[in-house]
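Here is the structure we will look at.
Numbering starts at 1 and runs along the sequence shown.
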Amino acid sequence: MRWLSDPPDPFLGAAEQLPYGRRLREARGHRVPVIVVTGFLGAGKSTLVSRLVETPEGEGTAIVVNEIGEIGVDDALLATSGETIRLMAGGCLCCTVRSDLEMTLRGLHRDRSEGRVPPFRRIVIETSGAADPAAILQTLIGNRALADTFHLQAVVTVVDAINGEHTLDERPEARMQVALADRIVLTKGDLADAAAKTITLARLRELNPQAPVVEALGGMVDPGFLLAEAPLRSSFAAADLPVAGRHGQPIETFTLTLERPFTSASLTEALTTLSRLCGSHLLRAKGLVAVAGCHGPIVVQGVRHQWHPPVELASWPDGDRRSRIVFIGAHLRRDAIARLFQAIIDLSESEPSP
């Protein structure tokens, strides 16, 4: 496992400090929120983004558009919005231009600070239709320079109701886009027949039982659905079941709920061991974790072997103070991960206090 900061000893704080540094009133502090809008080719991503920035809630949004091909079209379609737009053409964010994503985001932040672009409150990245969002999330989380300035707020996946069934059956990247979504927008529902829409919705629930789904009307949805921080739910009954794509690797999603808190050291040990054993299969993990001595929950988020620096929230979002962590990946064993975490908690409780 690789933390994206160099924590002092003890873990992420000296003895006289809070274990996780300054307690944050919000999950992400001062960093710029980034919303990733993904979905297969022709799903309606540009329409959704353009409708968003036309609303009062979408004001102050900088847009990064990624297109495959040397000439960009989507940025021209979005240009009438009046928002700051940066085009990344010539490659896919998850392949040839991942380094360009860092330069683009850092450039936007620098230009905002120096007054060369209008002030913006958030960044929306519209990926190419062929993008694998796992690689994009790994870039956002796994790059220390980016993690210090930006935070991933949500992954929004757009699915076409007309072609959704066939696309999800035939394209593994489309299934990955759905599996990693925090929320899903169904487009072209007014043009699809009822049977096609029903089948597509069933496939979405099969691939990602956690993510809420809304249908866009004329390319529009409630802006709050797109802009809100991705929630962490305490439990998902259906998410405990493995989900297999019809082609390619099986994708599993489940939530672990742990009754007893970690210590600071045991949380580090749990995530380090998990990365060592399952890192290559762990597409995404996110959760609220109870740590002894911390008033609020610790937010953890990782992609494969990389983990974002954990931060402590000022308070729990509800009365449930148990740890709950969502896992998304391939060939993950829920029971084995649960036993691993419980064993590490047991061991920490048996060790004498310093």
How far does [atom1] of [X] sit from [atom2] of [Y], to the nearest 0.5 angstrom?
X	Y	atom1	atom2	answer
Phe341	Glu269	CZ	CD	10.5 Å
Arg171	His166	CZ	NE2	14.5 Å
Thr47	Lys188	OG1	NZ	8.0 Å
Glu173	Thr38	CD	OG1	9.5 Å
Ile63	Ile35	CD1	CD1	11.0 Å
Asp160	Glu165	CG	CD	12.0 Å

Side chains of [X] and [Y], heavy atoms from C-beta outward: is any pair under 4.5 Å?
X	Y	answer
Arg334	Leu256	yes
Ser266	Ile344	yes
Val299	Leu288	yes
Phe327	Thr255	no
Ser348	Phe262	no
Val185	Thr157	no
Ile337	Phe254	yes
Thr127	Val37	no

- Given Leu282 and Leu274, is the side-chain contact (heavy atoms from CB on, under 4.5 Å) satisfied, shown in steps? CA-CA 9 Å; Leu282 185 63; Leu274 178 68; 4.2 Å; yes
Would the distance check show the side chain of [X] and the main-chain N or O of [Y] forming a donor-acceptor pair, the cut-off being under 3.5 Å?
X	Y	answer
Thr187	Val159	yes
Gln153	Pro33	no
Thr273	Ala270	no
Glu126	Val49	no

Is there a path of hydrophobic side-chain contacts, each under 4.5 Å between heavy atoms of I, L, V, M, F, W or Y residues, that connects [X] with [Y]?
X	Y	result
Val213	Leu191	no
Leu217	Leu226	no
Met220	Leu48	no
Leu271	Leu258	yes
Ile162	Leu201	no

Strictly below 4.0 Å, N to O, side chains only: are [X] and [Y] in salt-bridge contact?
X	Y	result
Asp169	Arg175	no
Glu349	Arg260	yes
Asp318	Arg324	yes
Arg322	Glu259	yes
Glu59	Arg121	no

- Query: Within a radius of less than 6.0 Å around CZ of Arg122, do more than 12 heavy atoms belonging to other residues, nucleotides or ligands occur?
  - Reply: yes
- Message: Using the ring pair (Phe, Tyr, Trp, His ring centres under 6.0 Å) criterion, which residues pair with Phe150? Sequence neighbours excluded.
- Response: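 Checked Phe150 against ring pair (Phe, Tyr, Trp, His ring centres under 6.0 Å); matches are His109.
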- Task: Establish, yes or no, whether the cationic atom of Arg183 lies under 6.0 Å from the six-membered ring centre of Phe225 and within 45° of the ring axis.
- Result: yes
- Task: Taking the six-membered ring of Phe120 (Phe, Tyr or Trp), confirm whether the NZ or CZ of Arg112 is under 6.0 Å from its centre and within 45° of its axis.
- Result: yes
Exercise: identify the closest heavy-atom pair between [X] and [Y]:
X	Y	answer
Leu186	Leu204	CD1-CD1, 4.4 Å
Asn208	Ala179	ND2-O, 3.2 Å
Ala161	Thr200	O-OG1, 3.6 Å
Ala228	Ala154	O-CB, 4.2 Å
Gln210	Val326	NE2-CG1, 2.7 Å
Gly44	Val158	C-CG1, 4.2 Å

- Go through the structure and list residues passing salt bridge (Lys or Arg N to Asp or Glu O under 4.0 Å) with Arg333, not counting sequence neighbours. Asp335
- Output, in order, the C-alpha distance, side-chain angles, deciding distance and verdict of side-chain contact (heavy atoms from CB on, under 4.5 Å) for Lys286 and Asp182. CA-CA 11 Å; Lys286 57 179 182 175; Asp182 294 304; 2.3 Å; yes
- Task: Show the numbers, then the answer: is there a side-chain contact (heavy atoms from CB on, under 4.5 Å) between Leu137 and Val155?
- Result: CA-CA 9 Å; Leu137 301 187; Val155 177; 3.7 Å; yes
- Query: For the side chain to side chain contact (heavy atoms under 4.5 Å, CB included) test, which of Asp320, Leu313, Val291 pairs with Pro297?
  - Reply: Leu313
- Message: Go through it in stages, so that I can follow the logic: the residues are Leu168 and Leu207, the test is side-chain contact (heavy atoms from CB on, under 4.5 Å), and I'd like the CA-CA distance, side-chain angles, deciding distance and then a yes or no.
- Response: CA-CA 9 Å; Leu168 292 171; Leu207 288 165; 4.0 Å; yes
- Query: Sequence neighbours excluded, which residues qualify as side chain to side chain contact (heavy atoms under 4.5 Å, CB included) partners of Glu57?
  - Reply: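 With neighbours one apart ignored, the set is Thr55, Pro223, Leu227.
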